[in-house]
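Order of the sequence lines fixes the chain letters, A, B, ..., with proteins taken first and strands second; residue numbering starts at 1 for each chain.
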Protein chains: 2
Amino acid sequence: MSQHRQPGASGRTGAIPALPDLPEATVSRLPEYLRALHALADAGHETVSSEGLANAAGVNSAKLRKDLSHLGSYGTRGVGYDVALLVDQISSVLGLTQCRTVALVGVGNLGHALAGYDGFANRGFRIAALVDADRSRVGEVINGLVVRHVDELPQIVAEESISIGVIATPAPAAQAVADQLVAVGVTSILNFAPCVLSVPDGVDVRKVDLAIELQILSFHEHRKASLTALPATGGSALTALPGGFAATDTQEAIGT
Amino acid sequence: MSQHRQPGASGRTGAIPALPDLPEATVSRLPEYLRALHALADAGHETVSSEGLANAAGVNSAKLRKDLSHLGSYGTRGVGYDVALLVDQISSVLGLTQCRTVALVGVGNLGHALAGYDGFANRGFRIAALVDADRSRVGEVINGLVVRHVDELPQIVAEESISIGVIATPAPAAQAVADQLVAVGVTSILNFAPCVLSVPDGVDVRKVDLAIELQILSFHEHRKASLTALPATGGSALTALPGGFAATDTQEAIGT
DNA sequence: AGGTGTTTGTGAAGGGGTGCACAAATCGCG
DNA sequence: CGCGATTTGTGCACCCCTTCACAAACACCT
């Protein structure tokens with residue numbers, strides 16, 4: 001967090017949704033709750049207890065209740081939460097009531113897969129434009145979309161109201177692409193390139209680095225191997241590896 | 001963290017590496033430091049100051065120093081850190097001195113891209129096996145590897161010493177695949193399927209959900225739009241939110 | 001209506017992470 | 001050899017987050 005929000009700045013009662021200024025940790029878990037709720041709705045459940053939803057989302061039930069309490073009181077004591085109501089509430093808070101359009105830059109190996117990934121459309125995102133800096137790829141059709149040149153970004157943003165830019169280029173090209181996205185008014189970027197982007201204030205960048213995830217797993221694997229190789233100091237339960245970060249913080253990040 | 005380690009259990013001086021029991025937040029940042037260090041080494045730098053490395057990794061310099069201090073004192077006051085030495089140290093701590101082999105399950109859209117992603121090989125990981133449950137895909141050659149059936153996992157693990165399993169299947173199939181991986185002895189899983197996996201203690205699962213990242217961005221986008229629509233109570237700066245959270249987080253991992 | 005059982009919402013305690021600010025340590029130079 | 005400049009390593013205070021535990025609230029049954 002680069003800066004803390006000033007304490008009273010969000011009070012502002014009277015506005016339409018009255019933004020509750022959610023803790024960042026809560027925001028990062030809301031999408032997981034939403035996914036679990038959709039699954040429960042598909043399974044026919046009309047209400048869920050905090051315990052049930054917490055299990056489906058892989059978190060502690062107390063944590064779930066506190067998270068939801070930040071959105072307001074949408075549960076009924078003795079009964080639980082109304083699934084449909086909660087879906088609407090969380091969707092609204094996340095800004096998913098309107099379908100958000102995404103521009104994807106870089107149609108290499110990874111970009112190709114992202115362009116065809118159906119997990120986006122299922123959850124309220126529409127890839128509206130494919131862009132690449134390599135003119136030899138311009139014109140190629142992927143999943144019904146024509147690849148356009150990165151220089152056309154201004155027109156593209158004018159045509160479709162792009163709200164998020166996804167960077168799937170090689171690392172050396174990423175910063176230039178980010179600059180171009182910012183220049184045409186994009187204020188949210190999802191970066192798959194393994195490098196740090198520098199952007200002006202007001203622009204959000206989230207980074208996903210597939211290799212980093214593997215390296216973190218490698219660390220734990222390494223540690224587990226070292227421990228089991230030791231003659232067991234005094235604790236006998238080393239085989240079970242009580243240690244654990246097993247499924248907790250894991251099982252949901254990107255949390256960390 | 002599902003459980004805390006008992007206070008004195010890790011002291012155990014005398015073992016070969018003397019595992020320092022790193023904070024989880026530090027572990028999630030080490031890969032980013034490693035990437036930045038490689039870039040610096042390629043650029044010809046032999047030493048870096050904490051300030052320089054922190055900038056390259058997108059973190060605070062004090063945080064970086066504290067993180068590195070957990071590994072031991074490998075810096076020289078008044079000079080900085082030896083790049084090559086630090087690369088070796090971090091690689092060693094992360095267990096990257098040996099090349100780790102990965103089995104990838106699910107060669108659909110996403111799996112296909114992961115199989116061809118060169119970011120893995122570059123950083124010490126080798127995809128040693130491609131596996132799918134769909135027999136119509138078995139035999140297909142991707143990036144020089146033949147797709148094999150998931151039932152062959154026992155033989156595959158016997159041939160290659162698999163240390164990490166990557167699940168890139170649709171959500172409904174993920175749990176069954178995880179069970180099979182665990183059954184053949186895999187204790188680290190990277191899960192791209194949008195669902196919660198349940199695994200026994202001792203098995204680490206990290207989850208990467210591309211749609212969740214977009215939803216988190218959507219929230220901030222939504223909030224920014226609501227705020228700018230307001231007459232601005234007092235705060236004008238919206239804060240870029242460059243920092244992030246553990247694992248897959250903003251501008252640095254996942255993160256978390 | 002009243003009692004009982006269930007579940008939410010939250011106060012409070014504790015742990016962990018972050019960042020400031022400074023002392024200790026090292027280098028280079030006169 | 002001593003001094004100043006530079007940079008690391010870390011004690012400390014603060015803040016956020018997590019978790020426990022419990023009172024308040026609601027539904028259902030008799």
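- Across the protein-nucleic acid pair, A/Y74 atom OH and D/dA25 atom C1' stand 18 Å apart, rounded to whole Å.
- The 5' end of DNA chain C is approached more closely, in terms of each residue's nearest nucleotide, by A/G80 than by the other of A/G80 and A/K66.
- Residue A/S49 places no side-chain N or O under 4.0 Å from the OP1 or OP2 atom of C/dT7.
- Taking atom CD on B/Q89 and atom P on D/dT8, their separation rounds to 17 Å, with Å as the unit.
- Atom-to-atom, OH of B/Y81 to C1' of D/dT7 comes out at 9 Å; the value is rounded to the nearest Å.
- Taking only distance into account, the side chain of B/R77 meets the base of D/dT8 through a donor-acceptor pair shorter than 3.5 Å.
- The distance from atom CG of B/D67 to atom P of D/dT10 is 13 Å, rounded to the nearest whole Å.
- A sub-4.0 Å separation between OP1 or OP2 of D/dT8 and a side-chain N or O of B/S50 is present.
- B/R29 has a side-chain polar atom (N or O) that falls below the 4.0 Å cut-off from OP1 or OP2 of C/dT18.
- Between B/L64 atom CG and D/dT10 atom P the separation is 14 Å, expressed in whole Å.
- Donor-acceptor pairing under 3.5 Å is recorded for the side chains of A/Q175 and A/D179.
- The CZ atom of A/R65 sits 10 Å away from the C1' atom of D/dC20 (whole-angstrom rounding).
- Between the NZ atom of A/K63 and the C1' atom of D/dC17 there is a distance of 8 Å, rounded to whole Å.
- By the 4.0 Å N-to-carboxylate-O rule, B/R29 lies too far from B/E32 to be salt-bridged with it.
- Closest-nucleotide positions on DNA chain C for A/S69 and A/G78 were compared, and the one nearer the 5' end corresponds to A/G78.
- Ion pair A/R223/B/D204 not flagged as a salt bridge, since none of the NZ, NE, NH1 or NH2 atoms sits closer than 4.0 Å to an Asp/Glu carboxylate oxygen.
- The residue A/T26 sits apart from the nucleic acid: no heavy atom pair falls under 4.0 Å.
- If you measure from atom CG of B/L71 to atom P of D/dT10, you get 12 Å, rounded to the nearest angstrom.
- Looking at A/S91, its side chain never comes within 3.5 Å of a backbone N or O of A/D88 through a donor-acceptor pair.
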